[in-house]
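Keep in mind that this is a model prediction, so the values were computed, not measured. Protein chains get the first letters and strands the later ones, always in sequence-line order, with residue 1 at the start of each.
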There are 2 protein chains.
Amino acid sequence: MIRNLTEQDKEHLQEALIKSGQKVTPQREAVFTVLLAERDHPTVDEVFHRAREVMPGLSLATVYNCLETFVGCGLVRQVNHERESTRYCPNLAPHAHFRDKETGRVHDIELPPEVLKSLRSILPPGFDSEVIEISFHGRAQAKDHHSN
Amino acid sequence: MIRNLTEQDKEHLQEALIKSGQKVTPQREAVFTVLLAERDHPTVDEVFHRAREVMPGLSLATVYNCLETFVGCGLVRQVNHERESTRYCPNLAPHAHFRDKETGRVHDIELPPEVLKSLRSILPPGFDSEVIEISFHGRAQAKDHHSN
DNA sequence: GTGAGATTTCGAATCATTCTAAGTCACAAC
DNA sequence: GTTGTGACTTAGAATGATTCGAAATCTCAC
Ligand SMILES: [Mn+2]
Ligand SMILES: [Mn+2]
Ligand SMILES: [Zn+2]
Ligand SMILES: [Zn+2]
(Lines give C-alpha, C1' and ligand atoms only; values in the text may rest on other atoms or scores of the structure.)
(Ligands and ions follow the chains in the order given, each with its own letter.)
Protein backbone atom coordinates (compact mmCIF):
# COMPACT_ATOMS: atom_id res chain seq x y z
CA MET A 1 0.00 0.00 0.00
CA ILE A 2 2.52 2.57 1.19
CA ARG A 3 5.53 2.30 -1.03
CA ASN A 4 8.84 3.83 -0.16
CA LEU A 5 9.89 7.14 -1.59
CA THR A 6 11.70 7.07 -4.90
CA GLU A 7 15.22 8.45 -4.86
CA GLN A 8 13.90 11.50 -6.65
CA ASP A 9 11.21 12.15 -4.07
CA LYS A 10 13.67 11.64 -1.26
CA GLU A 11 15.96 14.22 -2.78
CA HIS A 12 13.07 16.60 -3.22
CA LEU A 13 12.23 16.27 0.46
CA GLN A 14 15.83 16.60 1.61
CA GLU A 15 16.51 19.58 -0.55
CA ALA A 16 13.43 21.49 0.53
CA LEU A 17 13.99 20.79 4.22
CA ILE A 18 17.70 21.52 4.26
CA LYS A 19 17.27 24.63 2.16
CA SER A 20 14.98 26.03 4.84
CA GLY A 21 17.31 25.00 7.65
CA GLN A 22 15.42 21.97 8.87
CA LYS A 23 16.24 18.35 9.40
CA VAL A 24 15.26 15.18 7.67
CA THR A 25 13.69 12.92 10.28
CA PRO A 26 12.10 9.47 10.07
CA GLN A 27 8.72 11.02 10.98
CA ARG A 28 8.96 13.56 8.18
CA GLU A 29 9.91 10.87 5.72
CA ALA A 30 6.98 8.73 6.81
CA VAL A 31 4.48 11.56 6.53
CA PHE A 32 5.82 12.63 3.16
CA THR A 33 5.66 9.06 1.94
CA VAL A 34 2.01 8.88 2.93
CA LEU A 35 1.25 12.08 1.07
CA LEU A 36 2.85 10.88 -2.13
CA ALA A 37 1.34 7.41 -1.97
CA GLU A 38 -2.20 8.45 -2.82
CA ARG A 39 -3.34 11.64 -4.41
CA ASP A 40 -6.54 11.84 -2.51
CA HIS A 41 -6.02 14.97 -0.43
CA PRO A 42 -6.08 13.32 2.99
CA THR A 43 -6.94 15.12 6.21
CA VAL A 44 -4.46 15.27 9.08
CA ASP A 45 -6.26 12.42 10.71
CA GLU A 46 -6.12 10.30 7.59
CA VAL A 47 -2.41 10.98 7.21
CA PHE A 48 -1.98 10.10 10.88
CA HIS A 49 -3.67 6.72 10.58
CA ARG A 50 -1.89 5.81 7.36
CA ALA A 51 1.50 6.79 8.68
CA ARG A 52 0.93 4.84 11.88
CA GLU A 53 0.77 1.62 9.95
CA VAL A 54 4.39 2.05 9.12
CA MET A 55 5.51 3.94 12.23
CA PRO A 56 3.30 2.92 15.16
CA GLY A 57 4.71 5.36 17.71
CA LEU A 58 4.01 8.44 15.59
CA SER A 59 1.93 11.07 17.35
CA LEU A 60 -0.84 13.24 15.97
CA ALA A 61 1.00 16.36 17.08
CA THR A 62 3.95 15.33 14.97
CA VAL A 63 1.74 14.88 11.94
CA TYR A 64 0.47 18.42 12.45
CA ASN A 65 4.05 19.61 12.84
CA CYS A 66 5.32 17.79 9.77
CA LEU A 67 2.51 19.03 7.58
CA GLU A 68 3.03 22.60 8.76
CA THR A 69 6.71 22.26 8.00
CA PHE A 70 5.99 20.94 4.51
CA VAL A 71 3.60 23.77 3.79
CA GLY A 72 6.23 26.20 5.05
CA CYS A 73 8.87 24.92 2.66
CA GLY A 74 6.52 24.60 -0.26
CA LEU A 75 6.39 20.81 -0.46
CA VAL A 76 2.62 20.58 -0.13
CA ARG A 77 -0.43 22.82 -0.27
CA GLN A 78 -3.26 23.11 2.18
CA VAL A 79 -6.71 22.64 0.75
CA ASN A 80 -9.69 24.03 2.60
CA HIS A 81 -13.31 23.49 1.76
CA GLU A 82 -15.78 25.43 3.79
CA ARG A 83 -15.46 24.43 7.42
CA GLU A 84 -14.18 20.92 6.89
CA SER A 85 -10.86 19.61 8.12
CA THR A 86 -7.88 20.87 6.24
CA ARG A 87 -6.62 18.54 3.53
CA TYR A 88 -3.14 18.25 2.06
CA CYS A 89 -2.03 18.08 -1.55
CA PRO A 90 1.44 17.28 -2.87
CA ASN A 91 0.61 18.38 -6.43
CA LEU A 92 2.72 21.48 -7.02
CA ALA A 93 1.40 22.29 -10.47
CA PRO A 94 -1.17 25.09 -10.63
CA HIS A 95 -4.54 23.47 -10.25
CA ALA A 96 -8.04 23.94 -8.89
CA HIS A 97 -9.96 21.60 -6.61
CA PHE A 98 -13.29 19.95 -7.14
CA ARG A 99 -15.11 18.55 -4.15
CA ASP A 100 -17.63 15.86 -4.91
CA LYS A 101 -20.81 16.57 -2.99
CA GLU A 102 -21.68 12.90 -2.76
CA THR A 103 -18.43 11.18 -1.98
CA GLY A 104 -16.60 14.07 -0.34
CA ARG A 105 -13.65 13.22 -2.52
CA VAL A 106 -11.43 16.04 -3.75
CA HIS A 107 -10.16 15.99 -7.32
CA ASP A 108 -7.39 18.02 -8.89
CA ILE A 109 -8.45 20.05 -11.90
CA GLU A 110 -5.73 21.18 -14.24
CA LEU A 111 -5.50 24.94 -14.58
CA PRO A 112 -4.22 26.07 -18.00
CA PRO A 113 -1.95 29.13 -17.96
CA GLU A 114 -4.36 31.21 -20.02
CA VAL A 115 -7.18 30.65 -17.56
CA LEU A 116 -4.90 31.54 -14.68
CA LYS A 117 -3.95 34.67 -16.57
CA SER A 118 -7.54 35.68 -17.22
CA LEU A 119 -8.22 35.22 -13.52
CA ARG A 120 -5.34 37.43 -12.51
CA SER A 121 -6.61 40.03 -14.92
CA ILE A 122 -9.77 40.63 -12.93
CA LEU A 123 -7.79 42.19 -10.08
CA PRO A 124 -8.02 45.98 -10.07
CA PRO A 125 -4.77 47.95 -10.03
CA GLY A 126 -3.20 47.98 -6.58
CA PHE A 127 -4.21 44.43 -5.78
CA ASP A 128 -1.26 42.10 -5.76
CA SER A 129 -2.08 38.45 -5.21
CA GLU A 130 0.38 35.78 -4.14
CA VAL A 131 -2.09 32.96 -3.82
CA ILE A 132 -5.19 32.07 -5.77
CA GLU A 133 -7.48 29.33 -4.58
CA ILE A 134 -10.17 27.99 -6.84
CA SER A 135 -12.61 25.41 -5.65
CA PHE A 136 -15.57 23.82 -7.29
CA HIS A 137 -18.29 21.97 -5.49
CA GLY A 138 -20.73 19.65 -7.20
CA ARG A 139 -21.22 16.18 -8.53
CA ALA A 140 -18.67 14.14 -10.42
CA GLN A 141 -19.45 10.96 -12.27
CA ALA A 142 -17.35 8.29 -10.70
CA LYS A 143 -15.62 7.03 -13.79
CA ASP A 144 -12.31 6.26 -12.27
CA HIS A 145 -11.52 6.05 -8.65
CA HIS A 146 -7.85 6.66 -9.36
CA SER A 147 -8.49 9.99 -11.00
CA ASN A 148 -7.13 13.07 -9.38
CA MET B 1 -24.43 53.82 11.77
CA ILE B 2 -26.96 51.05 11.22
CA ARG B 3 -29.69 52.41 9.02
CA ASN B 4 -33.01 50.70 8.64
CA LEU B 5 -33.72 48.46 5.72
CA THR B 6 -35.11 50.09 2.62
CA GLU B 7 -38.56 48.92 1.56
CA GLN B 8 -36.89 47.03 -1.26
CA ASP B 9 -34.50 45.21 1.04
CA LYS B 10 -37.32 44.42 3.42
CA GLU B 11 -39.31 42.88 0.59
CA HIS B 12 -36.27 40.93 -0.52
CA LEU B 13 -35.92 39.48 2.97
CA GLN B 14 -39.62 38.71 3.38
CA GLU B 15 -39.90 37.11 -0.01
CA ALA B 16 -36.88 34.86 0.46
CA LEU B 17 -37.93 33.76 3.93
CA ILE B 18 -41.57 33.15 3.14
CA LYS B 19 -40.75 31.39 -0.09
CA SER B 20 -38.76 28.85 1.89
CA GLY B 21 -41.46 28.50 4.54
CA GLN B 22 -39.86 30.55 7.27
CA LYS B 23 -40.91 33.53 9.33
CA VAL B 24 -39.88 37.12 9.42
CA THR B 25 -38.73 37.89 12.94
CA PRO B 26 -37.27 40.99 14.55
CA GLN B 27 -33.99 39.15 15.07
CA ARG B 28 -33.76 38.19 11.42
CA GLU B 29 -34.50 41.75 10.37
CA ALA B 30 -31.83 43.08 12.70
CA VAL B 31 -29.20 40.64 11.47
CA PHE B 32 -30.07 41.29 7.85
CA THR B 33 -29.89 45.03 8.46
CA VAL B 34 -26.40 44.66 9.88
CA LEU B 35 -25.28 42.66 6.88
CA LEU B 36 -26.49 45.24 4.41
CA ALA B 37 -25.17 48.21 6.37
CA GLU B 38 -21.52 47.59 5.60
CA ARG B 39 -20.06 45.48 2.86
CA ASP B 40 -17.10 44.37 4.86
CA HIS B 41 -17.73 40.63 5.17
CA PRO B 42 -18.20 40.49 8.92
CA THR B 43 -17.67 37.37 11.03
CA VAL B 44 -20.50 35.96 13.14
CA ASP B 45 -19.04 37.69 16.13
CA GLU B 46 -18.88 41.02 14.37
CA VAL B 47 -22.48 40.68 13.24
CA PHE B 48 -23.40 39.77 16.80
CA HIS B 49 -21.82 42.87 18.33
CA ARG B 50 -23.22 45.20 15.70
CA ALA B 51 -26.71 43.80 15.95
CA ARG B 52 -26.63 44.01 19.74
CA GLU B 53 -26.35 47.76 19.56
CA VAL B 54 -29.81 47.85 18.16
CA MET B 55 -31.24 44.77 19.88
CA PRO B 56 -29.46 44.25 23.19
CA GLY B 57 -31.09 40.93 24.10
CA LEU B 58 -30.00 39.18 20.91
CA SER B 59 -28.02 35.98 21.49
CA LEU B 60 -25.04 34.63 19.66
CA ALA B 61 -26.87 31.39 18.94
CA THR B 62 -29.57 33.34 17.18
CA VAL B 63 -27.02 35.11 15.03
CA TYR B 64 -25.68 31.72 14.00
CA ASN B 65 -29.24 30.57 13.33
CA CYS B 66 -30.18 33.64 11.31
CA LEU B 67 -27.07 33.51 9.18
CA GLU B 68 -27.57 29.81 8.51
CA THR B 69 -31.15 30.55 7.50
CA PHE B 70 -30.06 33.34 5.16
CA VAL B 71 -27.48 31.11 3.51
CA GLY B 72 -30.15 28.45 3.13
CA CYS B 73 -32.52 30.72 1.30
CA GLY B 74 -29.84 32.34 -0.81
CA LEU B 75 -29.82 35.77 0.82
CA VAL B 76 -26.14 35.73 1.68
CA ARG B 77 -23.02 33.77 0.92
CA GLN B 78 -20.51 32.29 3.29
CA VAL B 79 -16.92 33.28 2.71
CA ASN B 80 -14.15 31.11 4.07
CA HIS B 81 -10.46 31.87 4.03
CA GLU B 82 -8.21 29.14 5.25
CA ARG B 83 -9.03 28.32 8.85
CA GLU B 84 -10.37 31.72 9.86
CA SER B 85 -13.86 32.41 11.14
CA THR B 86 -16.54 32.26 8.50
CA ARG B 87 -17.53 35.62 7.04
CA TYR B 88 -20.79 36.62 5.42
CA CYS B 89 -21.45 38.50 2.21
CA PRO B 90 -24.76 39.90 0.97
CA ASN B 91 -23.43 40.59 -2.54
CA LEU B 92 -25.30 38.16 -4.77
CA ALA B 93 -23.54 39.06 -8.02
CA PRO B 94 -20.87 36.59 -9.14
CA HIS B 95 -17.64 37.75 -7.58
CA ALA B 96 -14.35 36.60 -6.17
CA HIS B 97 -12.81 37.53 -2.83
CA PHE B 98 -9.50 39.14 -2.10
CA ARG B 99 -8.12 38.94 1.41
CA ASP B 100 -5.61 41.59 2.31
CA LYS B 101 -2.68 39.97 4.07
CA GLU B 102 -1.97 43.06 6.12
CA THR B 103 -5.36 44.31 7.18
CA GLY B 104 -7.29 41.05 7.03
CA ARG B 105 -9.98 42.91 5.14
CA VAL B 106 -11.91 41.08 2.46
CA HIS B 107 -12.71 42.80 -0.81
CA ASP B 108 -15.18 41.82 -3.48
CA ILE B 109 -13.67 41.41 -6.93
CA GLU B 110 -16.04 41.59 -9.84
CA LEU B 111 -16.09 38.43 -11.94
CA PRO B 112 -16.87 39.07 -15.62
CA PRO B 113 -19.02 36.42 -17.32
CA GLU B 114 -16.31 35.46 -19.80
CA VAL B 115 -13.85 34.74 -17.00
CA LEU B 116 -16.45 32.68 -15.20
CA LYS B 117 -17.04 30.80 -18.42
CA SER B 118 -13.37 30.12 -18.99
CA LEU B 119 -13.20 28.78 -15.47
CA ARG B 120 -16.10 26.44 -15.99
CA SER B 121 -14.45 25.24 -19.16
CA ILE B 122 -11.56 23.67 -17.28
CA LEU B 123 -13.85 21.04 -15.77
CA PRO B 124 -13.49 17.67 -17.51
CA PRO B 125 -16.66 16.01 -18.81
CA GLY B 126 -18.68 14.45 -16.00
CA PHE B 127 -17.87 17.17 -13.51
CA ASP B 128 -20.87 19.32 -12.77
CA SER B 129 -20.24 22.24 -10.48
CA GLU B 130 -22.90 24.19 -8.64
CA VAL B 131 -20.59 26.46 -6.70
CA ILE B 132 -17.27 28.04 -7.60
CA GLU B 133 -15.25 29.83 -5.00
CA ILE B 134 -12.34 31.99 -5.98
CA SER B 135 -10.17 33.63 -3.42
CA PHE B 136 -7.08 35.71 -3.74
CA HIS B 137 -4.66 36.42 -0.94
CA GLY B 138 -2.11 39.20 -1.05
CA ARG B 139 -1.58 42.88 -0.52
CA ALA B 140 -3.90 45.64 -1.57
CA GLN B 141 -2.98 49.29 -1.60
CA ALA B 142 -5.36 50.97 0.80
CA LYS B 143 -6.77 53.58 -1.52
CA ASP B 144 -10.26 53.60 -0.20
CA HIS B 145 -11.47 52.07 2.98
CA HIS B 146 -15.00 51.95 1.61
CA SER B 147 -14.02 49.79 -1.31
CA ASN B 148 -15.45 46.35 -1.51
C1' DG C 1 -57.95 33.99 21.94
C1' DT C 2 -55.83 29.19 21.26
C1' DG C 3 -52.76 25.75 19.81
C1' DA C 4 -49.12 23.90 16.92
C1' DG C 5 -45.02 24.70 15.20
C1' DA C 6 -41.20 27.76 14.55
C1' DT C 7 -37.84 30.54 16.79
C1' DT C 8 -34.95 32.16 20.38
C1' DT C 9 -32.07 31.60 24.24
C1' DC C 10 -28.50 29.73 27.46
C1' DG C 11 -25.31 26.69 28.47
C1' DA C 12 -23.02 22.48 27.48
C1' DA C 13 -20.76 19.64 24.05
C1' DT C 14 -17.90 18.96 20.03
C1' DC C 15 -13.86 18.78 17.54
C1' DA C 16 -10.06 20.50 14.69
C1' DT C 17 -6.21 22.80 15.83
C1' DT C 18 -2.72 24.98 18.80
C1' DC C 19 -0.09 25.28 22.85
C1' DT C 20 2.92 23.73 26.74
C1' DA C 21 6.29 21.44 28.86
C1' DA C 22 8.96 17.53 29.26
C1' DG C 23 11.56 14.01 27.04
C1' DT C 24 14.73 12.57 22.81
C1' DC C 25 17.77 12.94 19.39
C1' DA C 26 21.61 14.51 16.21
C1' DC C 27 25.72 16.21 16.13
C1' DA C 28 29.34 19.66 16.80
C1' DA C 29 32.83 21.25 20.14
C1' DC C 30 35.81 20.18 23.33
C1' DG D 1 34.19 9.83 24.48
C1' DT D 2 31.67 13.24 27.04
C1' DT D 3 29.00 17.28 26.99
C1' DG D 4 26.20 21.07 25.28
C1' DT D 5 23.01 23.00 22.08
C1' DG D 6 19.18 23.35 19.43
C1' DA D 7 15.81 20.99 16.85
C1' DC D 8 12.31 17.57 17.07
C1' DT D 9 8.80 14.61 19.08
C1' DT D 10 5.41 13.47 22.31
C1' DA D 11 1.20 13.47 25.46
C1' DG D 12 -2.02 15.98 27.21
C1' DA D 13 -4.23 20.37 28.20
C1' DA D 14 -6.16 24.51 26.28
C1' DT D 15 -8.48 27.10 22.75
C1' DG D 16 -12.09 28.76 20.02
C1' DA D 17 -15.46 28.52 16.38
C1' DT D 18 -19.42 26.12 15.76
C1' DT D 19 -23.19 22.93 16.92
C1' DC D 20 -26.40 20.76 19.92
C1' DG D 21 -30.15 20.14 23.55
C1' DA D 22 -33.80 21.56 26.01
C1' DA D 23 -36.68 24.90 27.93
C1' DA D 24 -38.96 29.40 27.20
C1' DT D 25 -41.11 32.46 23.98
C1' DC D 26 -43.11 34.00 19.93
C1' DT D 27 -45.93 33.84 15.55
C1' DC D 28 -49.69 33.05 12.81
C1' DA D 29 -53.47 30.42 10.97
C1' DC D 30 -57.66 29.02 12.71
MN1 LIG E 1 -15.73 11.26 -7.73
MN1 LIG F 1 -7.26 46.89 1.76
ZN1 LIG G 1 -4.68 19.19 -5.25
ZN1 LIG H 1 -18.32 39.19 -1.18
statement: 5' to 3', nucleotides 8-21 of chain D under a 4.0 Å protein heavy-atom cut-off (B base, S sugar-phosphate only, - none) gives SBBB-----SBB--
query: Got a sec, which pairs hit ring pair (Phe, Tyr, Trp, His ring centres under 6.0 Å) with one end in residues 73-97 of chain B, sequence neighbours left out?
result: His41(B)-His97(B), His95(B)-His97(B)
statement: Taking five pairs at each terminus, the helix from dG1(C)-dC30(D) to dC30(C)-dG1(D) shows an axis bend, to 10°, of 20°
- prompt: So, the side chain of Arg99(A) versus the backbone of Ser135(A): is there a donor-acceptor pair under 3.5 Å, distance only?
  reply: no
message: In whole Å, I'd like the distance from the CZ atom of Phe48(A) to the P atom of dT17(C).
response: 14 Å
message: List the residues meeting salt bridge (charged side-chain N to carboxylate O under 4.0 Å, His left out) with Glu110(A), not counting sequence neighbours, and say none if there are none.
response: none
query: Sequence neighbours excluded, which residues qualify as salt bridge (charged side-chain N to carboxylate O under 4.0 Å, His left out) partners of Glu68(A)?
result: none
message: List the residues meeting salt bridge (charged side-chain N to carboxylate O under 4.0 Å, His left out) with Arg87(B), not counting sequence neighbours, and say none if there are none.
response: Glu46(B)
query: For Gln27(B), which residues count as a side chain to side chain contact (heavy atoms under 4.5 Å, CB included) partner, sequence neighbours excluded?
result: Thr25(B), Met55(B), Leu58(B), Thr62(B), Cys66(B)
- line: salt bridge (charged side-chain N to carboxylate O under 4.0 Å, His left out) filter on Glu130(A), not counting sequence neighbours, yields Lys101(B), Arg139(B)
field: Leu67(A) CG to dA16(C) C1', straight-line distance once rounded to whole Å
entry: 13 Å
message: Checking Phe70(B) now: which residues fulfil ring-ring contact (aromatic ring centres under 6.0 Å, His included) with it, not counting sequence neighbours?
response: Phe32(B)
